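Working notes, beginning with the structure itself.
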Amino acid sequence: MVEAQKSNFPEINQLAKGIKKDYLAIFHALQYQWSNGLIEGHINCLKTLRRLMVWTSEP
């Protein structure tokens with residue numbers, strides 16, 4: 001991580017800063033097997049249905 005932060009490439013610097021900032025979230029995401037993917041899928045479906053309803057109700 002230290003070498004990535006000292007890199008000459010701004011993309012790698014930004015990635016290292018993001019990982020450092022969100023370290024605990026990344027750590028817990030890799031440590032636990034739980035996922036919220038199913039819930040995210042349902043929310044995505046509901047948002048799509050809502051957009052379709054608004055689109056079809058417009059004159």
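Just so you know, these numbers come straight off a predicted model, no measurement behind them.
Under the rule for a side-chain contact (heavy atoms from CB on, under 4.5 Å), the partners of K47 that lie at least two apart in sequence or sit in another chain are I43, R51.
Cluster partners of L46, using a side-chain heavy-atom cutoff of under 4.5 Å among ILVMFWY residues and allowing indirect links: none.
To the nearest 0.5 Å, atoms OG1 (T48) and CE (M53) are separated by 11.0 Å. Taking CD of E40 as the start and CG of L38 as the end, the distance is 10.5 Å to the nearest 0.5 Å. Atom CD1 of I39 sits about 13.5 Å away from atom CG of N44, to the nearest 0.5 Å.
Checking side-chain atoms of N13 against main-chain N and O of N8 turns up no donor-acceptor pair under 3.5 Å.
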I'd like a table of donor-acceptor pairs (distance under 3.5 Å, sequence neighbours excluded) in which one partner is a side-chain atom from residues 23-33, with atom names and distances.
none

